[in-house]
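Reckoned from all heavy atoms, side chains included, excluding hydrogens, waters and symmetry mates.
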Number of protein chains: 2
Amino acid sequence: MSEKRKQIIEAAAKSFSLFGYKATTMDQVAKMANVGKGTIYTFFKSKEELLEEIVSSIISEIKCEADAAIDQSLSFNENVQRALQRIFTFRKEHELTIKLLQEVRDIGTPAVRDVMKRLDREMIAYVRGKIEEAMAKGEIRSCDSELTAFLMFKMYIALNVEWEKEHEPLSQQKIAELFHLYLLKGLSP
Amino acid sequence: MSEKRKQIIEAAAKSFSLFGYKATTMDQVAKMANVGKGTIYTFFKSKEELLEEIVSSIISEIKCEADAAIDQSLSFNENVQRALQRIFTFRKEHELTIKLLQEVRDIGTPAVRDVMKRLDREMIAYVRGKIEEAMAKGEIRSCDSELTAFLMFKMYIALNVEWEKEHEPLSQQKIAELFHLYLLKGLSP
DNA sequence: ATATTGACCAACTTGTTCATTTAGTCATTC
DNA sequence: GAATGACTAAATGAACAAGTTGGTCAATAT
């Protein structure tokens with residue numbers, strides 16, 4: 001894999017998380033990556049595709065971290081909870097996701113909105129996979145995996161993001177308890 | 001209560017739900033209400049206060065409808081479910097709430113955003129009241145009523161509004177089942 | 001040949017001006 | 001004294017100029 005390609009991705013990722021997608025110019029990226037602007041276009045057909053590439057690797061990274069949080073000796077409930085906690089901790093602490101979510105909220109840049117929507121969809125798909133595994137093993141009762149993953153994800157957003165808009169933030173401990181109490185009890189076999 | 005005041009409220013409500021808050025002018029409201037523009041300001045100190053007044057009566061109306069859906073002979077689970085269903089059916093079918101929610105989404109008019117936020121807060125407070133009643137009666141186990149009401153509301157938004165953005169809408173029947181399965185099981189005493 | 005480049009261009013933003021519109025007031029009318 | 005609509009200051013937006021920026025491509029370097 002080309003060295004220049006890596007430089008470009010790295011420069012763009014840094015600039016996106018520093019200034020946001022809209023405020024990053026391709027001239028800027030070229031300068032930071034020590035390449036001519038034209039070179040960027042031999043690897044990526046547009047600024048948007050460059051963003052997509054970067055977000056794709058973020059998605060892989062998140063999935064990887066979530067997988068690392070899973071411990072086969074624990075129950076499905078414990079594991080899905082740990083995976084979701086990882087996913088949202090990442091979202092909250094990673095410079096780039098913070099900046100991009102801000103940009104969607106404040107400016108609504110369409111390209112960024114789309115790409116963050118994809119990130120959400122992929123996280124839901126990830127959880128869905130875990131649910132299907134657990135169903136196959138008989139760890140949880142049969143259910144619509146898409147719907148269940150969707151609800152788990154939305155509940156985590158409610159607890160991690162929306163609650164804080166009008167109340168004191170909840171500790172991860174408290175979120176885990178609530179998640180268990182409200183959502184998982186309904187899935188026990 | 002003044003007849004003119006009623007005319008003004010009625011005219012404004014009609015214009016807001018027809019054209020939205022921003023696109024409604026006070027001249028327009030005065031004309032529709034058959035009063036001079038100055039008269040509006042003897043009853044309301046600003047356009048924003050006029051909107052607040054109208055939304056306040058919407059809130060009362062929704063609470064009233066939700067109360068009507070409650071049947072003392074049924075369980076808490078049944079009733080909270082019926083009340084929430086009423087609230088969201090109203091939101092979805094009432095001309096004015098539809099138009100105002102659109103306006104928040106598309107233009108983000110601050111006055112409208114604030115007033116719709118208040119509507120949400122009041123609906124959560126309403127549900128919270130029902131939860132506290134049920135706790136007092138021992139119908140459900142003890143819990144943080146604010147947090148529980150918040151989660152119930154967010155779950156209903158997820159099922160009624162957000163799911164439809166990427167999937168086929170769910171029937172009210174299906175929503176009731178899911179709500180019961182996922183959220184209420186965790187509250188049984 | 002192939003990879004790289006940066007000057008170049010069309011499309012899009014941004015800044016500015018100026019005419020129109022509109023929320024809110026108040027002297028006048030009924 | 002309640003109601004009004006002409007009036008005003010502020011906000012909006014249309015129109016235009018100036019400046020940026022994403023993307024291309026002929027020229028250059030390897």
Measure the distance from [atom1] on [X] to [atom2] on [N] and round it to the nearest whole Å.
X	N	atom1	atom2	value
B:Leu50	C:dG24	CG	P	10 Å
B:Tyr41	C:dT22	OH	P	12 Å
A:Lys37	C:dA7	NZ	C1'	10 Å
B:Lys31	D:dT4	NZ	C1'	14 Å
A:Tyr21	D:dT21	OH	C1'	12 Å
A:Lys4	C:dT2	NZ	C1'	14 Å
B:Met26	C:dT25	CE	C1'	13 Å
B:Leu51	C:dA23	CG	P	13 Å

Hey, is the side chain of [X] poking within less than 4.0 Å of OP1 or OP2 on [N], counting only N and O atoms?
X	N	value
B:Thr25	C:dT22	no
B:Lys22	C:dA23	no
A:Thr42	C:dA3	no
B:Lys47	C:dA23	yes

Legend entry - 5' precedence on DNA chain C between B:Glu48 and A:Asn34 (nearest-nucleotide basis): A:Asn34
Legend entry - Position toward the 5' end of DNA chain D (nearest nucleotide), A:Lys45 or A:Ala23: A:Ala23
Legend entry - Test: A:Lys47 cationic atom under 6.0 Å from A:Tyr21 six-membered ring centre, within 45° of axis: yes
Legend entry - B:Asn79 side-chain N/O to B:Asp71 backbone N/O, donor-acceptor pair under 3.5 Å: yes
Inset, instruction - For the pair A:Trp163 (side chain) and A:Leu170 (backbone), establish whether a donor and an acceptor sit closer than 3.5 Å, ignoring hydrogens and angles. - result: no
Legend entry - Crowding at CD, B:Glu95 (>12 non-hydrogen neighbours, <6.0 Å): no
Legend entry - Greater than 12 external heavy atoms within 6.0 Å of A:Glu10's CD: no
